[in-house]
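Let me begin by presenting the structure, written as structure tokens, before commenting on it.
Proteins come first, then strands; the chains are lettered A, B, ... in the order of their sequence lines, and each starts at number 1.
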There are 2 protein chains.
Amino acid sequence: MQQRAVRTREVLLRAAAEVFDEVGYTRASITSIVDRAGLTAGAVYFHFKSKEGLARAVIHEQAADLQFPQGEPGLQRLIDMTDYLAVEMQQNTLLRAGVRLAVEQNEADLHEYAIYEWWTERFREELVAARARGQLLPSADESAFASLLVAAYTGTQIMSQLSTKRADLPGRISAMWRCLLPALAPADVIRQITTSATATEARA
Amino acid sequence: MQQRAVRTREVLLRAAAEVFDEVGYTRASITSIVDRAGLTAGAVYFHFKSKEGLARAVIHEQAADLQFPQGEPGLQRLIDMTDYLAVEMQQNTLLRAGVRLAVEQNEADLHEYAIYEWWTERFREELVAARARGQLLPSADESAFASLLVAAYTGTQIMSQLSTKRADLPGRISAMWRCLLPALAPADVIRQITTSATATEARA
């Protein structure tokens, strides 16, 4: 695509994310999306074909604006990543809209499972690195844990959104890790791990 | 309410559950619900006021047709309960519709968090019983684990529904427990626990 076409697509994707984030799939209209983007409906048809196409793009590209924490691959980076995502869920519209659509996609008959597999693989890579660094208990199954993490994160996000509009999401993710870590890593590894909760305590 | 009014309400609730389970909130119409119930729209207005009222009732009463496993309160019953729910999610329309609406409720602006608290409390009671029976590790936090269980179950259900229309939900719940149990109970307690997976192995 030419530079200008790439920019137009970006503008549309982000306008769609804003509208989906605010009102969900059903109530989002192509008119409201193109109005927000300052473009015409023709641009949607050219780049995404339909509202459904826009929704699929927002689901698939939900992580496009993320800048994952640096640092050595392994357990600490996995935890840093989930802490970072909890904050991003409060302010990153593309991520938030993509997650919302992935959760509520039955309403639109989208059948998009691949994004859950993508996150599972992302988490699994860190667990595989953690294994290579000797950070995991022999009993811990990297693939099963990666899948559980995606499930637990998805459900935690839904509960946090309903109870506090995600204000308590970082705290819930810390609580999740306090539950999970003893099944994943030996005590001496856990002692060296910093979670956002322990970081907050250390600063206090 | 009189007997007949109670029955009418039951028939409507179940017809609504069928329709919500099949097409979701947005595409469900009061007409399709009353047609299925063999009643008139007046019955909906009398008992539930609106489609929104019907949806709230289906969410709140999602567990009405469940018959939870008997047995002593504690870790085994908690696991039996989650195995039972995995099978019920495949065949219990009221449960399935209630869970679907609870997950997709943003599309209808329902803000119903109480059902998640209800499940959390239900799971917590078993963990408190498990604690009293000496089944839990000192480090395990009953409330945090109960909340994580509801979150993990919710997310697992979404992923199973998208990937296999819930055919693999029992297997996913067994995998969840294999991940979680080492953080919850000491090895000698875990050895005495039967999950649906170990039960299947024992039968094989």
Among [options], which residue has the highest count of heavy-atom pairs closer than 4.5 Å to chain B?
| options | value |
| --- | --- |
| A:Ala102, A:Gly24, A:Ala151, A:Pro182 | A:Ala151 |
| A:Asp141, A:Asp109, A:Leu184 | A:Asp109 |
| A:Gln161, A:Glu117, A:Met176 | A:Gln161 |
| A:Thr154, A:Leu148, A:Leu181 | A:Leu148 |

- Qualifying side chain to side chain donor-acceptor pair (under 3.5 Å) pairs, either residue in residues 55-71 of chain A, two or more places apart: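 Sorted result for residues 55-71 of chain A: A:Arg9-A:Glu61, A:Arg14-A:Asp65, A:Glu52-A:Arg56, A:Arg56-A:Glu112, A:His60-A:Glu112, A:Gln62-A:Trp119.
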
Residue selection (most heavy-atom pairs with chain A, distance under 4.5 Å) from [options]:
| options | result |
| --- | --- |
| B:Thr26, B:Thr156, B:Leu149 | B:Thr26 |
| B:Ala152, B:Ala140, B:Ala175, B:Cys179 | B:Cys179 |
| B:Asn106, B:Val103, B:Ile158 | B:Asn106 |

- Task: Please round to the nearest 0.5 Å and tell me the distance separating atom OG of B:Ser147 and atom CZ of A:Arg172.
- Result: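 If we round to the nearest 0.5 Å, B:Ser147:OG and A:Arg172:CZ are 5.0 Å apart.
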
- Item | Rounded distance [0.5 Å steps], OH in B:Tyr113 versus OG1 in A:Thr164 |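 OG1 of A:Thr164 is found 8.0 Å from OH of B:Tyr113.
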
- Message: Within the structure provided, determine whether A:Gln105 and B:Leu162 are in side-chain contact (heavy-atom separation under 4.5 Å).
- Response: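 In short, these two side chains touch, coming nearer than 4.5 Å.
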
- Message: Are the side chains of A:Leu180 and B:Leu180 in contact, using a 4.5 Å heavy-atom criterion?
- Response: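 Side chain of B:Leu180 against side chain of A:Leu180, heavy atoms only: contact under 4.5 Å found.
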
- Is chain B contacted by the side chain of A:Ser160, its backbone, both, or neither, given a heavy-atom distance below 4.5 Å?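 Neither part; nothing is under 4.5 Å.
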
- Item | Engaged part of A:Ala108 at the chain B interface, taking heavy atoms whose separation is under 4.5 Å |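 Contact with chain B involves the backbone of A:Ala108 alone.
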
- B:Tyr25 versus chain A, heavy atoms under 4.5 Å apart: side chain, backbone, both or neither?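 Both backbone and side chain.
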
- Item | Contact class of B:Ala144 relative to chain A, heavy atoms under 4.5 angstrom |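 For B:Ala144, heavy atoms of backbone and side chain both lie under 4.5 Å from chain A.
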
- So with a 6.0 Å cut-off around CZ of A:Phe68, is the heavy-atom count from everything else above 12?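 Above 12, so yes.
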
- Query: Under 3.5 Å, side chain of B:Glu107 to main-chain N/O of A:Glu104, donor-acceptor pair present?
  - Reply: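 Not a single qualifying donor-acceptor pair exists.
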
